[in-house]
Amino acid sequence: MSFPDTALSLTDAASRGDRIAAWDAAVRLLPWLSDLRNQIDARSFHSLLWTGAINNRWFDIAELLAAAVAARADAPVPIRRIHAQMLVERGYTEEALTRLHALLKHADLSDYDKRETFGHIGRINKDRFMTAIRAGDEATARNSLRQAIDAYLDSVREI
């Protein structure tokens with residue numbers, strides 16, 4: 001699978017740390033990513049996301065690109081997980097949880113992606129625990145900690 005030239009523009013902009021050019025390239029890449037006539041290989045796309053956005057912590061760009069692929073009828077399961085991860089990075093935890101729990105029901109979820117999915121769920125609940133502790137909300141803190149521990153333990157139990 002080969003990406004269009006706009007993908008090279010994205011990775012080039014990212015290597016230069018040029019966020020404006022990266023946004024331009026990402027927006028121009030969206031129609032190609034959304035077009036079902038174009039094959040998307042999960043490994044290649046993952047590499048593009050890392051070199052084109054995630055390495056620079058440009059989670060907004062990465063989430064936008066991952067959303068375009070995750071929305072496809074033929075979306076690779078690993079890309080759906082990465083999209084949920086980018087939602088977490090951007091603070092959209094409720095949406096991420098919905099997607100992560102749906103992924104756990106997917107028969108094609110690899111052991112690696114299953115561990116990562118449980119890890120993301122654990123992280124969301126750990127962050128909620130920390131927020132509740134700082135707010136002095138003991139009941140929410142306890143509940144969030146239990147959910148975080150359960151997610152981490154499920155990762156070990158299920159694989």
Side-chain angles (χ1 to χ4, degrees), residues 1-132 134 144 147-148 151-152 155 159:
M1 176 195 83
S2 67
F3 291 108
D5 291 341
T6 51
L8 182 57
S9 298
L10 174 64
T11 58
D12 180 57
S15 71
R16 295 189 324 269
D18 186 344
R19 188 174 170 82
I20 302 294
W23 262 113
D24 179 65
V27 168
R28 288 184 291 121
L29 186 56
L30 286 174
W32 188 92
L33 293 173
S34 300
D35 190 337
L36 288 173
R37 293 173 294 181
N38 300 317
Q39 294 284 325
I40 303 286
D41 172 68
R43 203 170 266 159
S44 298
F45 184 71
H46 184 265
S47 178
L48 175 65
L49 279 181
W50 274 95
T51 58
I54 297 172
N55 280 342
N56 289 328
R57 301 188 61 77
W58 295 340
F59 301 126
D60 50 355
I61 294 173
E63 192 265 321
L64 177 72
L65 296 172
V69 176
R72 293 170 52 131
D74 66 345
V77 173
I79 300 307
R80 291 178 186 192
R81 184 198 52 80
I82 290 169
H83 178 239
Q85 180 182 359
M86 292 303 101
L87 289 168
V88 173
E89 295 295 346
R90 296 193 64 212
Y92 300 116
T93 56
E94 286 303 318
E95 180 66 22
L97 278 174
T98 298
R99 291 172 186 268
L100 291 165
H101 286 294
L103 276 175
L104 288 173
K105 298 173 186 167
H106 204 288
D108 292 343
L109 190 64
S110 71
D111 286 348
Y112 172 80
D113 285 314
K114 190 178 282 188
R115 278 190 300 275
E116 290 291 306
T117 299
F118 280 121
H120 300 323
I121 293 168
R123 174 186 170 191
I124 290 167
N125 286 296
K126 175 194 58 105
D127 290 347
R128 288 178 175 178
F129 164 74
M130 296 302 295
T131 299
R134 284 191 291 273
S144 297
Q147 289 180 28
Y152 293 131
S155 174
I159 299 169

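Position 1 is the first residue of the sequence; numbering continues from there.
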What do the steps show when you test E89 against R123 for salt bridge (Lys or Arg N to Asp or Glu O under 4.0 Å), and what is the final call?
CA-CA 11 Å; E89 295 295 346; R123 174 186 170 191; 2.9 Å; yes
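- Atom OH of Y92 is surrounded by 12 or fewer heavy atoms from other residues, nucleotides or ligands within 6.0 Å.
- Atom CG of L30 is separated from atom CG of D35 by 12.5 Å, given to the nearest 0.5 angstrom.
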Might you work through the side chain to side chain contact (heavy atoms under 4.5 Å, CB included) test for N125 and F129, ending with a clear yes or no?
CA-CA 6 Å; N125 286 296; F129 164 74; over 6 Å; no
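- In this structure, the separation between CG on L97 and OG1 on T93 is 6.0 Å, given to the nearest 0.5 Å.
- The number of heavy atoms from other shown groups lying within 6.0 Å of CZ (R57) does not exceed 12.
- Using a cut-off of 4.0 Å between Lys/Arg side-chain N and Asp/Glu carboxylate O, E94 and R128 are scored as salt-bridged.
- The distance from atom CD1 of I121 to atom NZ of K126, rounded to the nearest 0.5 Å, is 14.5 Å.
- Between P4 and L29, the shortest heavy-atom contact is CG-CD1, 3.6 Å.
- Between R80 and D108 no salt bridge is recorded (no basic side-chain N to carboxylate O distance below 4.0 Å).
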Please step through salt bridge (Lys or Arg N to Asp or Glu O under 4.0 Å) for the pair D41 and R43, ending with a clear verdict.
CA-CA 6 Å; D41 172 68; R43 203 170 266 159; over 6 Å; no
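- Between D60 and W23 there is a side-chain heavy-atom pair separated by less than 4.5 Å.
- Summarising the geometry of A68 relative to L33, their closest heavy-atom pair is CB-CB, 4.2 Å, with the distance given to 0.1 Å.
- For A26 against L65, the heavy-atom pair with the smallest separation is O-CD2, 3.7 Å.
- Looking at every heavy atom in both residues, A75 comes nearest to A70 through CB-O, 3.5 Å.
- Inter-residue side-chain proximity for P76 and V69 is flagged as met; some heavy-atom pair is nearer than 4.5 Å.
- With rounding to the nearest 0.5 Å, the separation of OH in Y112 from CZ in R81 is 5.0 Å.
- Under the 3.5 Å distance criterion, the side-chain polar atoms of N56 are left unmatched by any main-chain donor or acceptor of W58.
- No side-chain N or O of S9 forms a donor-acceptor pair with one of D12 less than 3.5 Å apart.
- Atom CD1 of residue I40 and atom CZ of residue R72 lie 4.5 Å apart, to the nearest 0.5 angstrom.
- Under a cut-off of 6.0 angstrom, the local environment of CD1 in I20 is sparse, with at most 12 non-hydrogen atoms contributed by other residues, nucleotides or ligands.
- Nearest heavy-atom pair, H46 versus I82, reported as atom, atom and distance to 0.1 Å: CD2-CD1, 2.8 Å.
- A heavy-atom distance below 4.5 Å is not found between the side chains of L8 and F3.
- A distance-only check finds a donor-acceptor pair linking the side chain of N55 to the backbone of W50 [under 3.5 Å].
- By the 4.5 Å heavy-atom criterion applied to side chains, L100 and I124 are counted as neighbours.
- A salt bridge links D24 to R28: at least one charged side-chain nitrogen sits closer than 4.0 Å to a carboxylate oxygen.
- Minimum interatomic distance between A14 and G52 (heavy atoms only, all atoms of both residues): CB-O, 3.6 Å.
- Between D111 and R115 the shortest side-chain heavy-atom distance falls below 4.5 Å.
- Taken to the nearest 0.5 Å, the OG atom of S47 stands 10.0 Å off from the CD1 atom of I54.
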